[in-house]
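Data block below; observations after.
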Amino acid sequence: MFEGKSIILGVTGSISAYKAVEIASKLTQGGIEVDVVMTASATEFVTPLSFQSITHRPVHTDMFSPVTDFDIEHVALAERADVIVIAPATANTIARLALGLADDLLSCTVLSTSAPVILAPAMDVGMYQNQVTQENLERLRSRGYTVVGPAYGRLASGLEGLGRLAEVGEILAVIHQVLGRGGDLSGKRLVISAGGTQEPIDPVRYIGNYSSGKMGYALAEAARNRGAKVTLITAPTAISPPPGVEVIQVQTALQMRQAVIDKAAGADALIMAAAVADYRPQATAGQKIKRKPEKLSIELIKTPDILGEIAGDLIKVGFAAESEEVVENATRKLKEKGLDFIVANDITGADSGFSVDTNRVIIIDRIGKVDRLPLMLKSEVAQKILDKLAVRLAGGSSV
Ligand code: PMT
């Protein structure tokens with residue numbers, strides 16, 4: 001979705017500079033034009049050729065190179081960039097940026113740009129915790145810079161602490177979030193649910209389902225990347241919380257209901273991708289149930305219909321996992337729950353619905369328009385759903 005965007009990737013002299021090659025690679029694979037600007041010390045850790053081979057573009061290293069016209073180069077780079085990201089950013093570079101120094105190509109470019117700047121600090125724990133570094137970072141934050149990380153872990157010095165470069169995935173997520181500012185969901189507040197609720201039977205057992213959370217998390221990330229403020233209400237999953245999204249962890253249908261009620265107030269849209277249990281044990285045993293009787297019955301009671309209950313001035317989108325009469329069943333749920341549109345998963349194929357990375361969905365709106373989409377990655381399905389949501393948010397009656 002960011003094809004054609006332009007990013008300057010600043011690389012400074014840290015042992016973690018090699019991880020910037022992966023960042024450059026992932027951005028380039030996403031169709032983004034990546035111009036790498038390296039400080040002199042960065043070239044001691046990783047070669048310009050590594051970046052050039054990945055980005056297929058010249059790598060900028062030397063402010064006074066006779067073959068480049070410096071005046072034009074740093075201004076052109078600064079003007080073209082949609083975002084500047086410096087990863088890794090050393091204590092030295094952070095200090096120079098905080099002071100507004102312009103003594104190499106990277107600092108000149110940052111000083112000249114009006115693009116947003118993201119810093120991913122990486123340094124030894126002592127340097128990071130030093131008051132000077134903290135003050136410099138605070139100063140840059142107050143000027144609108146985004147700081148991602150550092151992470152806690154083992155450092156090159158052998159010490160353990162805060163100072164490791166943030167995970168590449170986290171840095172990429174922040175880049176996507178910043179690139180998405182001004183997207184078609186900017187200023188919109190979205191509440192998205194994900195995962196399968198767990199209804200406890202006793203301290204070690206629960207009633208659950210096969211939802212992995214992939215569909216809901218894909219929606220949350222895609223909405224964030226289109227500029228929305230996203231709250232993700234998630235039942236337990238094995239997926240890491242997406243950066244740049246407010247994440248609320250719940251376990252049961254009742255907890256999910258409370259979180260949705262709290263967060264839907266004032267939201268522009270609610271998308272329920274979660275597989276919420278329809279029934280829960282009437283009582284949860286305080287102790288582990290022993291394997292004694294031949295038969296064991298557990299009394300189940302209905303859970304509240306969260307999506308059906310939510311009222312107010314917000315767009316409501318539901319999901320329906322169906323194995324037969326997909327359109328008919330989904331249309332019934334759309335009407336019963338008063339939805340704007342519903343996304344019906346056909347769960348009869350092994351490549352669609354629960355747990356897998358792909359999904360085959362049919363989107364049905366409240367005036368009966370039926371849109372059958374082919375098998376796609378869940379990330380692509382998420383974009384299609386958000387395209388339709390954007391139409392509804394803009395006042396369109398049909399999607
Ligand atoms: O998590 P993944 O592995 O990626 O799988 C994604 C998914 C298949 C779980 C997801 O795409 C999906 O289809 N979610 C809805 C599952 C379902 O069948 O829901 P339902 O038909 O029971 O409910 C219909 C709608 O009402 C859903 O939006 C559901 O979130 C909501 N609901 C259901 C029960 C309840 N008590 N309260 C609700 O709000």
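Index from 1, following the sequence. Counting convention: from 1, in listed order, for ligands and their atoms alike.
Contact annotation: for Asp278 versus ligand 1, heavy atoms closer than 4.0 Å belong to the side chain alone.
A salt bridge links Asp104 to Arg96: one of the charged nitrogens lies within less than 4.0 Å of a carboxylate oxygen.
Heavy atoms of Ala253 come nearer than 4.0 angstrom to ligand 1 in no pair at all. Heavy-atom separations between Met256 and ligand 1 are all 4.0 Å or longer. At least one heavy atom of Pro304 sits closer than 4.0 Å to an atom of ligand 1.
At under 3.5 Å, not a single nitrogen or oxygen of Phe354, backbone or side chain, sits near a nitrogen or oxygen of ligand 1. Among the atoms of Val276, none of the N or O lies under 3.5 angstrom from an N or O of ligand 1. For ligand 1, none of its N or O atoms has an N or O atom of Ser193 under 3.5 Å away.
Within ligand 1, counting atoms from 1 as listed, the ones closer than 4.0 Å to a heavy atom of Ser355 are 2 (P), 3 (O). Listed by atom number, the atoms of ligand 1 under 4.0 Å from Ile306 heavy atoms are 37 (N), 38 (C), 39 (O).
The heavy atom nearest to atom 13 (O) of ligand 1, out of those in Asn345, Ile342, Val361, Asp357, is found in Asn345. Closest heavy-atom approach to atom 21 (O) of ligand 1 within the set Lys333, Lys214, Lys378: this belongs to Lys333. By heavy-atom distance, the residue among Gly195, Ala320, Ala273 lying nearest atom 7 (C) of ligand 1 is Ala273.
Shortest contact from atom 24 (C) of ligand 1 to any protein heavy atom: Phe319 O, 2.9 Å. Considering only non-hydrogen protein atoms, atom 18 (O) of ligand 1 sits nearest to Ala321 N, 3.1 Å. Nearest protein heavy-atom contact of atom 30 (O) of ligand 1 is Ala274 O, 2.7 Å. In terms of protein heavy-atom proximity, atom 6 (C) of ligand 1 is nearest to Met215 CB, 3.6 Å. Ranking the protein heavy atoms by distance from atom 39 (O) of ligand 1 puts Leu307 N, 2.9 Å first. Scanning all protein heavy atoms for the shortest distance to atom 31 (C) of ligand 1 gives Lys337 NZ, 3.9 Å. For atom 28 (O) of ligand 1, the closest heavy atom belonging to the protein is Met272 O, 2.7 Å.
Residues that satisfy the side-chain contact (heavy atoms from CB on, under 4.5 Å) test with Pro281, not counting sequence neighbours, are Glu199, Ile201, Ile207, Ile298, Leu300.
The closest side-chain donor-acceptor pair between Thr133 and Asn136, if any, does not fall under 3.5 angstrom. Checking Thr90 against Asn92 by side-chain atom types alone, no donor-acceptor pair falls below 3.5 Å. Side-chain polar atoms of Tyr217 and Thr234 form a donor-acceptor pair below 3.5 angstrom. Side-chain atoms of Gln383 and Asp387 include no donor-acceptor pair closer than 3.5 Å.
For Ala320 against Ile342, the heavy-atom pair with the smallest separation is CB-CD1, 4.0 Å.
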